Each structure stands twice: as C-alpha cells, then as structure tokens.
Number of protein chains: 2
Amino acid sequence: MATIKDVAKRAGVSPSTVSRALSGKVPVDQETRERVMEAVRALNYKPNILAKGLKEGRTNTIGLIVPNISNPVFPAVARGVEDVAREHGFTVILCNTDEDIEAEKDYVEKLQKRWVDGFIFATARKESHHILQLKEKGFPVVLVVRHMGQAVDAVVIDNYKSSFEAVKYLIDTGHRKICIVNGDTSLTLYKERFEGYKHALQAAGLPITPELVLDAAGRGDTGYETVRAMLEKGMLPDAVFATSDPRAIRVIRAIKDCGLSVPDDVSVVGFDDLDISAFLDPPLTTVCQPLYEMGARAARRLIDIINGEKYGQPKVELVEAKLVIRKSVKVREH
Amino acid sequence: MATIKDVAKRAGVSPSTVSRALSGKVPVDQETRERVMEAVRALNYKPNILAKGLKEGRTNTIGLIVPNISNPVFPAVARGVEDVAREHGFTVILCNTDEDIEAEKDYVEKLQKRWVDGFIFATARKESHHILQLKEKGFPVVLVVRHMGQAVDAVVIDNYKSSFEAVKYLIDTGHRKICIVNGDTSLTLYKERFEGYKHALQAAGLPITPELVLDAAGRGDTGYETVRAMLEKGMLPDAVFATSDPRAIRVIRAIKDCGLSVPDDVSVVGFDDLDISAFLDPPLTTVCQPLYEMGARAARRLIDIINGEKYGQPKVELVEAKLVIRKSVKVREH
DNA sequence: CTGAAAGCGCTTACAG
DNA sequence: CTGAAAGCGCTTACAG
C-alpha cells in the first residue's frame, strides 16, 4: 500500500507538505495542493491510521460494550451512540460480551491500549471493578442503561418510578393479584423495578405475595417455565408485570398454553417497547424507554469528556420512560 | 500511561529486553524476565497497540459489517464470528450500516487504513463496488448471508432450495392459494427466495397470481399494511409465506386484525427462526438458518486468508437450512 | 542472553 | 509556504 513518502515523491514535495495538504488546517500553496491531491488519487493513498493515532495520541474511536446484542434493547441504544459519534467524526466499536465478564475484560484490556479514546458501558454491575479502575486511571467512561450509583457518569431511566407507575396502572384498572416476572436482581435496574412493584402494591394497601414474585433471570430466559409452573400449581394472578418485553412474550405464551386468555383472564404489562411489541397478540402494553435518546446522550457526554471538557463530578442523567397503553390489559370491575 | 521505556528503566534493562520478555517467543534469562514482569505489574504497563500494529503490519482484528443490527439475524451471525475470532486471538469490530451504503463506505474507508486485517460483510448487494475493490487490492474479504455470485468468498444458505421446500410443504399440506410477502428483490437472497416460491408452485401445476405476490421491502417493514390491504380487497389466500420472521409477525397481526384466524383461516410460514419465534401465537413454522454456524465458518475462512493460506479461487460455501414445523400451518383437506 | 540502532508511517515544532 | 528533523511506542535484525 502507498505511504505518504510515495505520494510525496510522485508530487515532487516533502512528506510534511503532503501531510499538511491533507490536513487542510494549514496554509498550502494552491498549486502544490492540487499536485498532492492528484498523486493521492493516482496512488489511491490512505493514511495509515495506526501511525496517525500513535503520533496524535488519539484515534477518534469509542468502544461501546453491550451485554447481549440479541436483546433488541442494545441495538437501539447502539444506534443512538453511532449517530452522535458519526456527527462528531468518531467511529464506534461495538463489543458484545454475552454477559460474560471475562469476555468483557478481554475487550477492555485490548481496547484501552490506545485503540479507543473512551468507553460506553451498558454492562455495569456491582462487581464491575474494571470499570471503576478505568475511571480512576482517568480513562473517559460513561455508563448507559445500567449504572453504578453516583461513582461514574451515566444515562439511565428512573427504573423505580417507571415500574411503580406500570404497577399502579394495573391497580387502577382493577387488578389485585399482580405477579412480577423479574430479571437478575443483582443488577440495580431489576432491583429498582422490583422496589417499584413492591411500593406500588404497598401504597394501595395490597400484600406482597411471595408466590407471585417470580425469578426469570439467567440465560435462555426462563419466563415461560416459571409462569407455567405457577399456573399449574393453581396460583392464578389477574395480571403479570414482566420486566422486559422478551420476557412478556414468553409469559403470554405460557398463559395461553395453560388454556387461559390474555387479557381476559390475565393482563400482561411489559417493559422496553421493542419494534415488534405492537404486533404481538395482544398488542403489548409496555413501558417505553427512550433507548435511542439514551445512547445519543451517553455519546455526547463521552465525547465532551474526551475533548477535555468537564470531567469533574460524575453526573447521572435521568431520562423519562412512559407507559404505552395497547391491548394486553383489561379493565376489571369489582 | 507507562511506556516500554518506563518499564525498562524500572527493571534495569533495555526496552528490547522488555519487549522480548513480554513476547514469550524468544529466550530471556529467567531472573531478568521476573524483574521485567515485576515492573510491568508495578507500573500497570499496557503495550500501545497502535505502535505494535504499526510495527508488525497487522492488528489481529477483523471488521464485521452488518446492515441492520435490530434484525436478530445479524446478532446471531455476529456471535459465531466473535467466538471463532476470539479462539484465534482476534478481536471483532462490529459495524452497523443501517442499510446505508454511505455509512458503510465510511466504515470501510476508516477500517481499511490498517485498523483491521480483513472484513466480513453481511451487506453485499449488486452495487457493492467497494467490496470488489477491496478484494482486488488484495484485502482479505469474506461475505456471509448475502453473496455476490462467485466473485468473492462467501458462506450462505441455498435460499432457492429452502424457499422451494417451504412452499412445497404448504402445497403438500393442502394449500392452493399461497401468498408470498417478500423483501427487497434487488438482494440476491430475496430474488432466490422468490424463484423458489415460483418454481414450487409451477412444479405443482399451480398458477402464479400477481395479487398474491406482495412486496414488503423497505424501512419500517410494510408487511402489516400490505397484507391488510390485500385482505380488505377481498383477496383471501389460504397460506402466506413470509420471507423473514419479523415480517411473519406483522403478517399474523394483519390477518388477525381482519378477524381471521391463524392457522384455521390462513396458514403462515416464516423464514429465520428467531429466538422468540417458538413463543409467538401460534408458534411459528419457519425455515431455520444456521446463523451462528455461518458466522463461525465465515470467520474461519477469513482468518485462513489473513494468515496467508489459500487465497486462490473464491469459494461459496453452502450450508443447510431446514424447515422447523410448529403450529402456524394447518393441514387442509379437499 | 542482551543492548543499540533502525524503522514502521505519520505529524508538527523549528528554521528558513 | 516548505523542508529536514525529531519523535510517537513499539519490534527485530545485527552485533556481541
């Protein structure tokens, strides 16, 4: 491949001049510039970005680390990150960890060796020491979707409040036996969604029934089996709050497979509002997170930090989620 | 950040020795090695990968370009690519183009400047000249899911055959008015799926009815509206072959919204076999592509090419897809 | 086994 | 406006 020297030779100038002509930031004689451009075209010259990055100490690239790319939540966030990054001349490297913290550490290990100028993590957990370390080293880091208290900049929704409101909606529409099918509560986000559920019930004077608190965490998502087992034991809630849409899809299938109807027998509320959620049967009532917006904001914040502005006190930005009402909840009279 | 010089100074050796101790490929005195490692730990030294890549002329990284990360087909392929890459010490950079050829060219432009050692494209179209150019330059390139004739190495399924068999299954189960809801036929893959449909009907002596050939290409997927419009015009097929699962989900919704039942009134067959397809209502009969396997094979092929083996005649590998029978097709008597 | 030197391909302060 | 030189942080042939 052609190097800057080849171009210089062909254009009859020095490499420095080629570099300057290409940068566009420094005055170069018009005629010289044209000769350089001509040579660049003729040789199909592409500057070696490794050399450039080595010299300049930055690569205009950000690493986006997501836990599971098959969960449509993360592609939506990624879109927001990419669009903003691109506007600012940054490229994003998307890394999928499959919830495997070792895979994640491998990525971080490799990328922090000057590949990327900063990271956005959608994978934060309590045990994510590597994220804290990065931050302590002064490496630009922003979290999205999942956060770690106030220690690191983050863009998240108010999971507690959204969950509270979703459950309150079920109560207001006449439901009394509300089951929650939740994710991994070692993630703050699911813990907060559970708290929202609990407090909404308490606020309405309803009891927390342990048999109605279901755990569908883990790989392969166990929402189907868990709900089916509950139903077959004769425990019949009048509503289920599934804390993600993929879980809601499995919950609905389980209810139907037990010969019951959604929403006539059991109402269901989801969380996410995926692309396909409006097309399910019944169209799903669910909490819509502004995922694209969250990605976009996280990217903006990170780029500010990379550009050396305000890396002072970490800020946790809260964005609004809202309940989208479709047809999976029935109003019940008592 | 610490550099190799800092480590050398602290360990009382030359930078060359540090480099050699770290590489592990060259004999280094045991005691010297330990002093180096000690210094590496103490300074938390990470070699600058840009400098390394510049010197060595490779980065052990591959670029994976996908058209739409929100379509679950591509995450599945990406998994296969990542797992194999990782086994071989490669990192993968995942780039989402959103079907925007300009975005794609931007990525390729940036990554080919020595960021990556090779590319896997899941975005190939007839107009993808940039892919051909890359290949002509000698840049390692492999295609997956979508291919470009015999010009470039590729791993794909036999779309014609899979489609033929899906439609034949509908015919064998007693369907006579079979509608196809297809994607963008400027993609070879959808053209081939259409050919399979056509020939299966012809082989059974059934006519091709233009009103039953529906186009649901384009952004936001128009499967819902198109099918609904057909049904409202009074055109009632006894089966629909949707050439992707996301399309099948919209088709089913449209049929139900017209007061009809799946599969009692209309059978539906999809294509993809997504994670959630088994949980839909009804559980979807669909063509299962071995997506993970395809990604894995593409990665293996690319890494072979990068390692300088056999970049001779391009090979198009065909992998087997198979129909997964669930409950969205009803056997009809005549 | 180890060090000094050269060089990967750029950019940029320093002279002119 | 332009060139020669130095240097970014590594690796590796060349000596010893």
Side-chain angles (χ1 to χ4, degrees), chain A residues 1-40 43-61 89 109-117 137, chain B residues 1-40 43-61 89 109-117 137:
Chain A
M1 250 170 87
T3 71
I4 200 169
K5 279 192 195 166
D6 301 321
V7 176
K9 191 171 301 173
R10 187 176 229 270
V13 297
S14 74
S16 333
T17 301
V18 174
S19 176
R20 284 189 280 249
L22 252 23
S23 84
K25 294 178 205 155
V26 176
V28 171
D29 182 84
Q30 185 55 29
E31 199 251 334
T32 311
R33 178 188 306 272
E34 276 159 21
R35 281 219 313 287
V36 169
M37 290 314 183
E38 166 58 27
V40 165
L43 298 171
N44 191 226
Y45 168 69
K46 316 268 182 207
N48 181 319
I49 210 164
L50 301 176
K52 189 166 194 286
L54 177 58
K55 187 64 188 148
E56 297 186 333
R58 72 135 97 186
T59 57
N60 286 304
T61 306
E109 184 67 22
K110 180 153 184 183
L111 295 182
Q112 72 172 296
K113 295 171 177 180
R114 310 284 111 196
W115 268 87
V116 300
D117 301 334
K137 265 194 216 172
Chain B
M1 248 169 89
T3 72
I4 199 169
K5 280 192 196 165
D6 301 321
V7 176
K9 190 171 301 173
R10 188 176 229 270
V13 297
S14 74
S16 334
T17 300
V18 174
S19 176
R20 283 190 281 251
L22 252 24
S23 84
K25 296 178 202 155
V26 175
V28 171
D29 182 84
Q30 184 56 30
E31 198 252 333
T32 312
R33 179 189 306 273
E34 275 161 20
R35 281 219 314 285
V36 170
M37 291 312 184
E38 165 58 28
V40 165
L43 298 171
N44 191 226
Y45 168 67
K46 316 267 181 209
N48 180 320
I49 210 165
L50 301 176
K52 189 166 193 284
L54 177 58
K55 187 66 189 145
E56 297 187 333
R58 72 135 96 187
T59 57
N60 286 304
T61 306
E109 185 67 22
K110 180 151 182 184
L111 295 183
Q112 71 171 296
K113 296 172 176 180
R114 311 282 109 197
W115 268 87
V116 299
D117 300 333
K137 262 193 216 171

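Here is the naming used below: chain letters follow the sequence lines, and residue numbers restart at 1 for every chain. Computed from a predicted structure; not experimentally measured.
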Exercise. Taking everything shown except B:K137 itself, do over 12 heavy atoms lie less than 6.0 Å from its NZ?
Worked result: yes

Exercise. Step by step, would you call B:V13 with B:V18 a side-chain contact (heavy atoms from CB on, under 4.5 Å)?
Worked result: CA-CA 7 Å; B:V13 297; B:V18 174; 3.8 Å; yes

Exercise. Just how far, in rounded Å, is P of C:dC10 from CD1 of A:I49?
Worked result: 11 Å

Exercise. So, B:T17 and B:S14: side-chain donor and acceptor under 3.5 Å apart, yes or no?
Worked result: yes

Problem set entry | Residue met sooner reading DNA chain C from 5', once B:R33 and A:S19 are mapped to nucleotides | B:R33

Problem set entry | Distance, rounded to the nearest Å, where B:L50 contributes CG and D:dC8 contributes P | 15 Å

Exercise. Picking from D:dG7, C:dT12, C:dG9, which would you name as closest to the side chain of A:K55?
Worked result: D:dG7

Exercise. Say you pick atom P in D:dT11 and the same atom in D:dA15; how far apart are they, in whole Å?
Worked result: 22 Å

Seminar exercise, completed: Separation of C:dC10 atom P from B:W115 atom CH2, nearest Å, is 15 Å

Exercise. Between B:K110 and A:N60, do the side chains contain an N or O donor and an N or O acceptor separated by less than 3.5 Å?
Worked result: no

Problem set entry | Minimum-distance nucleotide (side-chain atoms of B:K5 versus D:dC8, D:dT12, C:dG9) | D:dC8

Exercise. Is B:V13 touching bases, backbone alone, or none of the nucleic acid, heavy atoms closer than 4.0 Å?
Worked result: sugar-phosphate

Seminar exercise, completed: Closest to the side chain of B:T3, out of D:dG9, C:dT12, C:dT2, is D:dG9

For this session: Under the side-chain contact (heavy atoms from CB on, under 4.5 Å) rule, what do A:E34 and A:E38 come out as? Steps first, then yes or no, please.
Result: CA-CA 6 Å; A:E34 276 159 21; A:E38 166 58 27; over 6 Å; no

Exercise. Does the side chain of B:I4 come within less than 4.5 Å of B:Y45's, by heavy atoms?
Worked result: yes

For this session: Find the distance B:N48:CG to D:dG7:P and express it as a whole number of Å.
Result: 18 Å

Problem set entry | Phosphate OP1/OP2 of D:dT2 contacted by A:T32 side-chain N/O (<4.0 Å) | yes

Problem set entry | Below 4.0 Å: OP1/OP2 of C:dT12 and any side-chain N or O of A:S16 | no

For this session: Provide, to the nearest angstrom, the distance between the CD1 atom belonging to B:I4 and the C1' atom belonging to D:dC8.
Result: 13 Å

Problem set entry | Phosphate OP1/OP2 of C:dG3: any B:T17 side-chain N/O under 4.0 Å | yes

Problem set entry | Watson-Crick and G-U pairing of DNA chain C written in dot-bracket, each distance under 3.5 angstrom, with | for inter-strand partners | |||.||||||||.|||

Problem set entry | Separation of D:dT2 P from A:K25 NZ (nearest whole Å) | 18 Å

Exercise. Roughly, in whole Å, what's the span from NZ in A:K113 to C1' in D:dT11?
Worked result: 15 Å

For this session: Return the value, rounded to whole Å, for the distance between atom NZ of A:K52 and atom C1' of C:dT12.
Result: 13 Å

Seminar exercise, completed: A:L54 has its side chain closest, among C:dG3, C:dG9, D:dT2, to C:dG9

For this session: Answer whether the closest heavy-atom distance between the side chains of A:K113 and B:K52 falls below 4.5 Å.
Result: no

Exercise. Going from CG on A:L50 to NZ on B:K55, what distance comes out if it is rounded to the nearest 0.5 angstrom?
Worked result: 13.5 Å

